[in-house]
Amino acid sequence: MIPIYTQTVGAGGASSVVFNNIPSIYTDLKLLISARSTSGYGAGVPSLAIKVIYNNDSSESLYSSTWAAYVGPGSGRYSGAAWAGWLNSSNSLASSFSSNEVYIPNYTSSSFKQTLTESAVESNETTNLYLSMHGQLYRNASAINSVKFVPELGNFAQYSTFTLYGIKKS
Amino acid sequence: MSMFPIATYTLPSPGPITFQNIPDTFTHLQLRVFGRTTASQVPDQVFIRLNNDTTAGNHNWHYLQGDGATASSGAGISNETGIRCQAIVGANASANVFGAVIIDILDYTNTNKFKTVKSIGGGDNNGSGQMGLSSGLYRSTNVINRIDIYGLFLQFASGTRADLYGLTTSTVTGA
């Protein structure tokens, strides 16, 4: 597993984080993310959704996902939207950042892209908290050369970190 | 390469496992536990404590799990002295059956962040078992330099192994 890129959000926050020019020499990709948003839906809602967009393709009709989460416990689907995970909102406990892992196997293949995300959003609450697993389908056969993350509300807060790793099968 | 072995320990007799003097030269930590406990039940759980901090209320945890019949979730958000991670098998599991848990702690040296712990794991026992995903929060911005690992109900059995890895990141942004 080789670290390709790392971005750390500075004092001004960031409306999105993008990794461009992803080299095509690996088999799979993996991202580790520790993130928080500058905004939220109010007290008692410590989580926000996060969009994962490939190749700057904002045609969200090509995205769908299935998830299972702590709240409920529950399960659901998104269709026609690029939601794939959750992060800490500004209403979560201060200094708390989500722990997300996004796994993108066979990212250069000519098949549709199936990705897996685990999201750990922690706060001192038992409601609206989205410890979760996501499977996201991007119905495009092109190789992935960029990945973009966008929070549901606000910006990524200072100290949010994103690292992209490449994994070779041999 | 970005994932480096820091230390490994295999128990010669029942007990906990401790990693001390963890170097602060990495960005993330990954802990892998392969084992079983001495508790008289099939599922037990891995319980960790960071920096030997037993302060009640310094920890939260949440879990989402299934046992083959029922999906359930739960939480500990007050007076917790450590973090429950995911399930591992206990003494009532069949012989030679061990559970596996992978625990991630991102940005463990970042003094601007509380430490979020994510774990996935469990064990199948050919007709019983438990699997799940858990999160935990250590409400301290201190650098993590010690991890103590316990079975939640009783001790780890001999033969239980824990491996600690450090992960590095890139200096290139790719923006």
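Proteins get letters first, then strands, A, B, ... in listed order; numbering begins at 1 in each. When reading the values below, keep in mind they use all heavy atoms of this one structure, side chains included, and skip hydrogens, waters and symmetry mates. Because the structure is a prediction, the values reported are computed rather than measured.
If you chain together hydrophobic residues whose side chains sit under 4.5 Å apart, B:Ile22 and B:Ile103 fall into the same group. Residues A:Leu116 and A:Val147 fall into different hydrophobic clusters, defined by Ile, Leu, Val, Met, Phe, Trp and Tyr side chains chained together at heavy-atom separations under 4.5 Å. B:Leu164 and B:Ile48 fall within a single hydrophobic cluster, where Ile, Leu, Val, Met, Phe, Trp and Tyr side chains are chained together by heavy-atom contacts under 4.5 Å. At a threshold of 4.5 Å between side-chain heavy atoms, the hydrophobic network of Ile, Leu, Val, Met, Phe, Trp and Tyr places B:Ile149 and B:Tyr108 in one connected group. Linking Ile, Leu, Val, Met, Phe, Trp and Tyr residues whenever their side-chain heavy atoms come within less than 4.5 Å places B:Leu106 and A:Tyr103 in a single cluster.
Atoms CD1 and OG1, from B:Ile77 and A:Thr126 in turn, are 5.0 Å apart once rounded to the nearest 0.5 Å. Here the NZ atom belonging to B:Lys113 is positioned 6.0 Å from the OG atom belonging to A:Ser160, to the nearest 0.5 angstrom. Rounding to the nearest 0.5 angstrom, the gap separating the CE atom in A:Met1 from the CG atom in B:Leu167 is 4.5 Å. With rounding to the nearest 0.5 angstrom, the OH atom of A:Tyr159 is 8.0 Å from the OG1 atom of B:Thr111.
A donor-acceptor contact shorter than 3.5 Å links the side chain of B:Thr116 to the backbone of A:Phe97. Counting only distance, with no hydrogens or angles, the side chain of B:His62 and the backbone of A:Glu125 share a donor-acceptor pair below 3.5 Å.
The choice from A:Ser98, A:Gly166, A:Ser123 that makes the most heavy-atom pairs within less than 4.5 Å of chain B is A:Ser123. Interface remark: of the candidates B:Ile105, B:Thr141, B:Thr168, B:Thr168 forms the most heavy-atom pairs closer than 4.5 Å to chain A. Here A:Ile4 is the residue among A:Leu164, A:Ile33, A:Ile4, A:Ile22 with the most heavy-atom pairs under 4.5 Å with chain B. If you tally non-hydrogen atom pairs under 4.5 Å between each of A:Asn21, A:Asn20, A:Asn88, A:Thr163 and chain B, the highest count goes to A:Asn20. Ranking A:Glu118, A:Arg36, A:Glu101 against chain B, the residue ahead of the rest is A:Glu118, based on heavy-atom pairs under 4.5 Å. Ranked by heavy-atom pairs under 4.5 Å with chain B, the first of A:Val18, A:Val71, A:Asn100 is A:Val18.
Within the 4.5 angstrom heavy-atom criterion, no atom of B:Thr27 approaches chain A. Residue contact with chain A, scored on non-hydrogen atoms closer than 4.5 Å, involves the backbone of B:Ser72 exclusively. Residue A:Ser75 does not touch chain B at all, counting heavy-atom pairs closer than 4.5 Å. A:Thr8 does not touch chain B: none of its heavy atoms, backbone or side chain, sits under 4.5 Å away. Heavy-atom distances place no part of A:Val17 under 4.5 Å from chain B, backbone and side chain included. Contact annotation for B:His59: neither backbone nor side-chain heavy atoms come within less than 4.5 Å of a heavy atom of chain A.
Nearest heavy atom pair, residue A:Ala120 against residue B:Val117, reads CB-O, 4.5 Å. Heavy atoms only, all atoms of each residue included: B:Phe114 and A:Ser96 are closest at CD1-OG, 3.8 Å. Between A:Tyr165 and B:Thr169, the closest heavy-atom pair is OH-CG2, 3.8 Å. A pairwise comparison of heavy atoms in B:Lys118 and A:Ser99 identifies CD-O, 3.7 Å as the closest pair. Nearest heavy atoms, B:Ala71 versus A:Pro73: O-CG, 3.8 Å.
Using modelled atom types and a 3.5 Å distance limit, the side chains of B:Ser135 and A:Glu122 yield a donor-acceptor pair. Side chains of B:Asp107 and A:Thr161: a donor on one and an acceptor on the other come within 3.5 Å.
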Is there a side-chain contact (heavy atoms from CB on, under 4.5 Å) between A:Asn124 and B:Arg139? Walk through the geometry before answering. CA-CA 10 Å; A:Asn124 56 339; B:Arg139 299 192 216 173; 3.5 Å; yes
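Counting non-hydrogen atoms of neighbouring residues, nucleotides and ligands closer than 6.0 angstrom, the CG atom of B:Asn112 exceeds 12 such neighbours.
For residues 46-70 of chain A, a heavy-atom distance under 4.5 Å to chain B picks out A:Ala68, A:Ala69, A:Tyr70, given by residue number.
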